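A short write-up of the structure that comes next.
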Amino acid sequence: MQLERDPLTYLFRSDDARKVMAELRDGEPHLPSEVRRKLAVHPQSFRELVEHLDAYGLVDLAVQKGSRAERTPQGWGVKVVLQATPAGLALLEVLERATHDIADVVHRKGKLLPPATVERWQEA
Amino acid sequence: MRVFLLGPSKWLPEARPGLPDYLVEWLPADWKRQGADILWPLDIRRGLAHELEKEGAMATMMELWSRRPTEDRHDLFRRILVEFGTEHVFAYWPRDANLSGLYIELGVLGEKVKNREVQGTSLRIFPELGAAFFDPDQDRVIFRESGARTTYSLDWEGWGVRISLWSDYRTLRQMMVSRLRTG
C-alpha cells in the first residue's frame, strides 16, 4: 500500500475516511463496531480505513480501560476503542473549513463552472 | 523524541517471510547484518530505528547498549528506560518471528508501569496483519497465539496502550514517524 503523502489529499479523495473522521469529531473513544455499523462500511473496508488513518496518525486504536486479554477461538483478544488524535481533529477542521469555502465559491460562480463540479460541491 | 524500539531478533525456525528489497536500504552503513540471505527481525528493527533517526528522533534498541559489569539484562532494560529518557516504547511485532523475548520485555515493562517505576512513557504495539488482526465487530484486536500461553504480556489494563496494525513495511515506517510527530 502506497499512501498519499498528504493526509488532507487522502481525506479529500476518500468519502469513507472523511465520514469516519466526522464520526470521531468529539475526540472521545468510540466502539469501532458502532462507528462501522453507523456508516454501513464493510468490515474489511473499515479495517483498511482504520489502517490508513492510523498510518497518518489521525486515529488511535487504544486498549479499552479495564480490559484484560481474553481467550478467543482465534487467539488472545484485547478490547479496543477508536479515537481521533489531536492531529486528526485539527485536520478534520481544516477539511471542513476548506469544504465549506469551496462550496461557497462554487455556489457563487456556479454558472461558469462545469455542471459536475457544481453538482459535486452542492452536496458538500 | 526518544524512542526505545522493542521486538524480536529472529524468525521462527523454517520461516522464510517475503521481505521487500527496500528494507536493506534502511540499514545504517556500519550495521553488520545478522542474516546473510534474508534480513532478520533484528536487522529490520535496526533499519526502522535508523529511519526514525533520519526524522530527528533519538531511537535506540537494547542491542545497541553494552551491559556494565554488574548489570543483568533486567538492569540494562531499566537503564534504557530511565537514563535514555525513553518517551515512547514501540514494539515491532512481525509475523513468523520468535516473540518469546518480546513477551518477556513487555512483561517487565508492565511490571515497571504497575510499580510506577516508569511514568509518562507511552507504549505502542505494531503488530503485522497476520500476527494479529482487528475485528471491528467484536471491538477487539486479536493476537494469533496457539496453545495455553499465559497472557501476562498482553495484560495492558490501565496502561493506555495503543495498537497500530500494518500490512507492509512502508506503512509501518509511516505509522512510527507520524506518531513521533503527533504523539
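Chain naming here is simple, since letters A, B, ... match the order of the sequence lines and numbering starts at 1 in each. Not measured: the values here are computed from a predicted model.
For B:Ile125, no part lies under 4.5 angstrom from a heavy atom of chain A. For a residue to count as touching a neighbouring chain, one of its non-hydrogen atoms must lie under 4.5 Å from one of that chain's; by this rule A:Pro86 does not touch chain B. Residue A:Val35: no heavy atom, backbone or side chain, is found under 4.5 Å from chain B.
For the pair A:Arg47 (side chain) and B:Phe134 (backbone), a donor-acceptor distance under 3.5 Å is present.
Hydrophobic clustering of Ile, Leu, Val, Met, Phe, Trp and Tyr side chains at less than 4.5 Å, counting indirect connections, keeps B:Leu12 apart from B:Phe143. Criterion: ILVMFWY side-chain heavy atoms under 4.5 Å apart, direct or through other members. Under it, A:Val81 and A:Leu39 are not part of a common hydrophobic cluster. In this structure, A:Leu89 is not a member of the same hydrophobic cluster as A:Leu91, with clusters built from ILVMFWY side-chain heavy atoms closer than 4.5 Å. Hydrophobic clustering places B:Val24 together with B:Leu19 (ILVMFWY residues linked when any side-chain heavy atoms are closer than 4.5 Å, directly or through intermediates). Transitive grouping of hydrophobic side chains (ILVMFWY, heavy atoms separated by less than 4.5 Å) brings B:Leu64 and B:Trp40 into a common cluster.
Taking 4.5 Å as the limit, every side-chain heavy atom of A:Gln74 sits out of range of all side-chain heavy atoms of B:Arg140. Contact of the B:Arg179 side chain with the A:Asp54 side chain is registered, since non-hydrogen atoms from C-beta on lie closer than 4.5 Å. Between B:Ile163 and A:Val78 there is a side-chain heavy-atom pair separated by less than 4.5 Å. Looking at A:Arg37 and B:Asp137, their side chains come closer than 4.5 Å, going by heavy atoms from C-beta outward. Put simply, the side chain of A:Leu61 reaches to within 4.5 Å of the side chain of B:Leu165, judged on heavy atoms.
Other residues, nucleotides and ligands contribute more than 12 heavy atoms inside 6.0 Å of the NE2 atom of B:His74. For B:Arg73, the CZ atom is loosely surrounded, since the number of other residues' heavy atoms within 6.0 Å does not exceed 12.
Contacts of B:Lys54 classified as salt bridge (charged side-chain N to carboxylate O under 4.0 Å, His left out), with partners at least two apart in sequence or in another chain: B:Glu51. Scanning for side chain to side chain donor-acceptor pair (under 3.5 Å) contacts around A:Arg5 gives an empty result, with sequence neighbours left out.
The side-chain hydrogen bond (donor to acceptor under 3.5 Å, both in side chains) analysis of residues 10-27 of chain B, with sequence neighbours excluded, yields the pairs B:Arg16-B:Asp37.
Ranked by heavy-atom pairs under 4.5 Å with chain A, the first of B:Asp139, B:Leu129, B:Val177 is B:Asp139.
Scanning residues 14-33 of chain A against chain B with a 4.5 Å heavy-atom cutoff picks out A:Leu31, A:Pro32, A:Ser33, ordered by number.
Taking all atoms of both residues into account, the shortest heavy-atom contact from B:Ser178 to A:Gly57 is OG-N, 3.5 Å. Nearest heavy atoms, B:Met175 versus A:Ala55: CG-CA, 3.4 Å.
Considering CD1 of B:Ile142 and CZ of A:Arg71, their distance stands at 10.5 Å, rounded to 0.5 Å.
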